[in-house]
Amino acid sequence: MDSALVTALQAAAPTKCSLVRFDLPGGALCLTDGGFVVFDAGEGEGDETYLGRDPVYGAIGSLPSIKDGAEAQTTRLDIVLLPTSDTAAAALASPSLQGVRVQWWEGAMDQPSGTLIGEPELKFDGEFDRARLSVGDSWALTMECGTQAERQLEPNADWRLNHAFHSTIWPGEKGLIFVDGVTKKKEWRERPESQGIFKRLFS
């Protein structure tokens, strides 16, 4: 953590702020709960203005704590947004946005000038998964986000040593076209079986 940020957070009454960046296809959506903040996320876009309320999409409703993964799960984050309209809610919940990069920083700001103190700490760097819309006194859109590592836990039962799968990896290569009788599933990146001592002796 940045030393200036640590000093600011150890002050008697620090002004904390959260920064959230959605890398949307039409341009990044940058939101904060600290009014407005100028910050360079290091994505090649230079300084970007993080608004407390975006005129098109809305504002941050809440940022719950990160859910640690357990067993077959990875870290997940639910970001609640308050869309400005049903059109904004539909745009943010579009299936075409699945997989866009989502970043979340926690920092501190100097209240009189509105500038960040030190370098905000990156808390989450993942991707958008799906959205849940709640309608009550106001619109509330929960953006469920996961990490890229979650894809490594997806079931791969259809990955077999056969011609169909082999040709998807190496198009036109017909090394397995006449292979049959492959009844045992072999996962990719799987460690080869260790032959017993008797098999090695007879071979």
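In this text the structure is predicted, and so the values were computed from the model without any measurement.
Side-chain contact check for Asp78 versus Cys145: every heavy-atom pair is 4.5 Å or farther apart. Contact check for Val80 versus Ile60: no side-chain heavy atoms found under the 4.5 Å cut-off. Here the side chains of Cys30 and Val20 are not in contact, with every heavy-atom distance at 4.5 Å or above. Under the 4.5 Å side-chain criterion, counting only non-hydrogen atoms from C-beta, Thr84 is not in contact with Val56. Contact of the Leu92 side chain with the Leu81 side chain is registered, since non-hydrogen atoms from C-beta on lie closer than 4.5 Å. Between Tyr57 and Pro83, every side-chain heavy-atom pair lies at or beyond the 4.5 Å cut-off. You'll find the side chain of Val38 stays beyond 4.5 Å of the side chain of Thr115, heavy atoms only.
Between Asp125 and Arg101 there is a salt bridge, since a side-chain N of the basic residue sits under 4.0 Å from a carboxylate O of the acidic one.
For Thr32 (side chain) and Gly52 (main-chain N/O), no donor-acceptor pair under 3.5 Å exists by modelled atom type.
Applying the salt bridge (charged side-chain N to carboxylate O under 4.0 Å, His left out) test to Asp40 and every residue at least two apart in sequence or in another chain returns nothing. Listed by chain and number, the residues in a side-chain hydrogen bond (donor to acceptor under 3.5 Å, both in side chains) with Ser96 are Ser94 (sequence neighbours excluded). Under the side-chain contact (heavy atoms from CB on, under 4.5 Å) criterion, Arg130 pairs with Glu144, not counting sequence neighbours.
Alongside Leu51, the hydrophobic cluster contains Phe36 (criterion: ILVMFWY side chains under 4.5 Å). Side-chain contacts under 4.5 Å among hydrophobic residues (ILVMFWY), followed directly or transitively, place Leu19 together with Val37, Phe39, Tyr50, Trp105, Met109, Leu116, Leu122.
Sorted by first and then second residue, the side-chain hydrogen bond (donor to acceptor under 3.5 Å, both in side chains) pairs with a member in residues 20-29 read Arg21-Glu48; sequence neighbours excluded.
Linking Ile, Leu, Val, Met, Phe, Trp and Tyr residues whenever their side-chain heavy atoms come within less than 4.5 Å leaves Leu82 and Ile79 in two separate clusters.
Summarising the geometry, atom CG belonging to Leu133 is positioned 9.5 Å from atom CG belonging to Asp86; distances are rounded to the nearest 0.5 Å. Here the straight-line distance linking atom OG1 of Thr142 with atom CG of Leu77 works out to 11.0 Å at 0.5 Å rounding. Going from atom CG of Leu31 over to atom OG1 of Thr49 covers 12.0 Å, rounded to the nearest 0.5 Å. With rounding to the nearest 0.5 angstrom, the CD atom of Glu106 is 7.5 Å from the SG atom of Cys17. For the atom pair CG (Asp33) and OG (Ser18), the distance works out to 4.0 Å, reported to the nearest 0.5 Å. The distance from the CD atom of Gln103 to the CZ atom of Phe124 is 10.0 Å, given to the nearest 0.5 Å.
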